[in-house]
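Throughout, a chain's letter reflects where its sequence line sits, starting with A, and its residues are numbered from 1.
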Number of protein chains: 2
Amino acid sequence: MYTNKESLIHFILKVVEISKSDAEEIAASFHPFKLREKEFLLKENQISDDYLYLKSGLMRTFLYNLKGEEITIDFFTEDNMVFEITSFFNRVHSEANIQAITPCTGFRISYKELNTLFHNKPAFRDFGRAILVKEFMASQKRNYGMINRTAKERYQNLLVNKPQILKYSPLKFIASYLGVTDSTLSRLRKNL
Amino acid sequence: MYTNKESLIHFILKVVEISKSDAEEIAASFHPFKLREKEFLLKENQISDDYLYLKSGLMRTFLYNLKGEEITIDFFTEDNMVFEITSFFNRVHSEANIQAITPCTGFRISYKELNTLFHNKPAFRDFGRAILVKEFMASQKRNYGMINRTAKERYQNLLVNKPQILKYSPLKFIASYLGVTDSTLSRLRKNL
DNA sequence: TAGTTTTTTTGCCTTTTGTCAAGTAAGTTT
DNA sequence: AAACTTACTTGACAAAAGGCAAAAAAACTA
């Protein structure tokens with residue numbers, strides 16, 4: 001399997017100020033990883049054991065609302081970390097699913113491996129914290145954007161910030177992610 | 001100044017599985033802290049240096065939208081941690097403000113103190129991570145709730161989960177937090 | 001307490017979004 | 001290719017929420 005970790009090393013160095021050799025050591029602990037289109041990384045009720053760097057591809061996390069409809073909670077694009085925080089860090093059964101929309105490749109470690117690194121490698125400590133901070137910030141930003149924008153503005157925003165999603169994801173995933181019905185999104189799109 | 005840290009020790013033990021003596025040692029590193037009603041913990045453009053355990057009182061974080069209106073992003077209730085993640089962890093100027101709604105008391109540490117603990121005290125490492133995970137989860141949950149509920153449901157949800165807020169916060173803070181206008185919230189409230 | 005300011009409520013009307021249902025388009029399977 | 005399924009679009013109408021302005025209530029100040 002293809003194991004060139006340049007992209008991961010580059011990603012680590014982008015996220016936290018550590019030496020290149022530290023970054024290489026961290027990357028060395030990750031294992032190659034692959035998913036086919038529509039394949040699941042995590043299904044609800046499982047305990048997640050993947051802390052994943054997504055090198056290429058598009059994924060989404062979703063759950064079911066009270067009516068049994070799929071609600072897409074988040075998209076994961078390439079050159080980002082992917083994990084279900086609650087299940088992975090608290091070792092509890094997941095309420096969410098994580099699914100590949102396109103074929104995906106990347107590198108992963110397990111919870112056990114992460115903890116070993118976390119306690120033994122100060123550089124990884126900083127990396128791990130930086131990732132949590134980064135994702136937390138993204139979640140807060142998303143919150144703000146969802147509350148203070150109309151559906152149309154939210155769509156336009158997505159168009160600018162994550163065009164990959166619009167390109168590869170079916171409309172219905174995007175609609176539930178934006179919190180509107182399929183019909184509404186279809187109409188929004190019509191008015192460019 | 002009143003420095004009984006029982007509540008903080010209890011909070012730490014609730015969040016992470018460590019020994020009582022570890023929790024006491026962590027708590028010992030925190031310093032007493034007080035804010036008057038309407039006083040600011042953080043103003044926009046400052047670099048936050050407070051990692052705070054709120055023992056009593058109610059706070060909010062807010063920023064200004066494009067029209068110059070205050071948008072309340074989050075409320076902080078007693079027995080929770082308070083910090084502006086972006087500014088505090090990335091040492092950048094804050095876009096947000098944090099303000100006491102009622103008089104507040106608690107215990108705080110600085111960024112420097114946090115880092116010393118983080119690298120020297122394994123138990124604090126786990127605590128720090130658990131807090132980030134906890135807050136991240138809360139943010140995600142809020143996201144989901146904002147998108148898939150009507151304003152009325154969001155209000156009712158707040159009513160059940162954080163009644164303190166409804167008791168002490170003016171309506172307009174709550175309205176912007178829920179993403180509706182003052183008028184709309186006033187009408188929602190009328191229909192109980 | 002009278003006057004001032006801020007907060008909350010209400011009415012009227014508009015815009016946004018949802019619901020339901022039907023229709024078209026596209027993708028799979030046999 | 002025909003049959004079937006899933007995805008997307010569109011129309012007609014209903015409900016949710018916003019904009020604006022004025023009134024009422026509450027909080028603050030001199």
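B:Ser186 and B:Ser183 share no donor-acceptor pair across their side chains, judged by distance under 3.5 Å alone. Using a 3.5 Å distance cut-off with no hydrogens or angles, the side chains of A:Arg129 and B:Asn115 do pair a donor with an acceptor.
Following rounding to the nearest Å, A:Lys38 (NZ) and D:dT5 (C1') show an atom-to-atom distance of 12 Å. A straight line from CZ of B:Arg187 to P of D:dG18 spans 10 Å, rounded to a whole angstrom. One interatomic measurement links the two molecules: CG of B:Asn65 to C1' of D:dG18, which rounds to 14 Å at whole-angstrom precision. Look at CG on A:Leu171: it is 5 Å from P on D:dC8, rounded to the nearest Å. In this structure, A:Ile101 atom CD1 and D:dA7 atom C1' are separated by 15 Å, rounded to whole Å. One interatomic measurement links the two molecules: OH of B:Tyr155 to C1' of D:dA17, which rounds to 17 Å at whole-angstrom precision. Rounded to an integer number of Å, the gap from A:Leu185 CG to D:dA7 C1' is 12 Å. Atom pair B:Asp182:CG and D:dG18:P shows a separation of 10 Å (rounding to whole Å applied).
Looking at B:Arg108 and B:Asp50, their side chains come closer than 4.5 Å, going by heavy atoms from C-beta outward.
Crowding of B:Phe118 atom CZ: a count of heavy atoms from other residues, nucleotides or ligands under 6.0 Å exceeding 12. In the displayed structure, A:Glu69 atom CD is contacted under 6.0 Å by more than 12 heavy atoms of other residues, nucleotides or ligands. Within 6.0 Å of NE2 on A:His31 lie more than 12 heavy atoms contributed by other residues, nucleotides or ligands.
Using a 4.0 Å heavy-atom criterion, one finds that A:Arg189 contacts the sugar-phosphate atoms exclusively. When heavy atoms are screened at a 4.0 angstrom cut-off, B:Ser186 is found touching base atoms of the nucleic acid.
Comment: A:Asp182 does not engage A:Lys172 in a salt bridge, judged by the lack of any side-chain N to carboxylate O separation of less than 4.0 angstrom.
The side chain of B:Thr184 places an N or O atom within less than 4.0 Å of a non-bridging phosphate oxygen (OP1 or OP2) of D:dG18.
Think of the region where chain B sits on DNA chain C: with heavy atoms and a 4.0 Å cut, that region ends 5' and 3' at C:dT7 to C:dC12.
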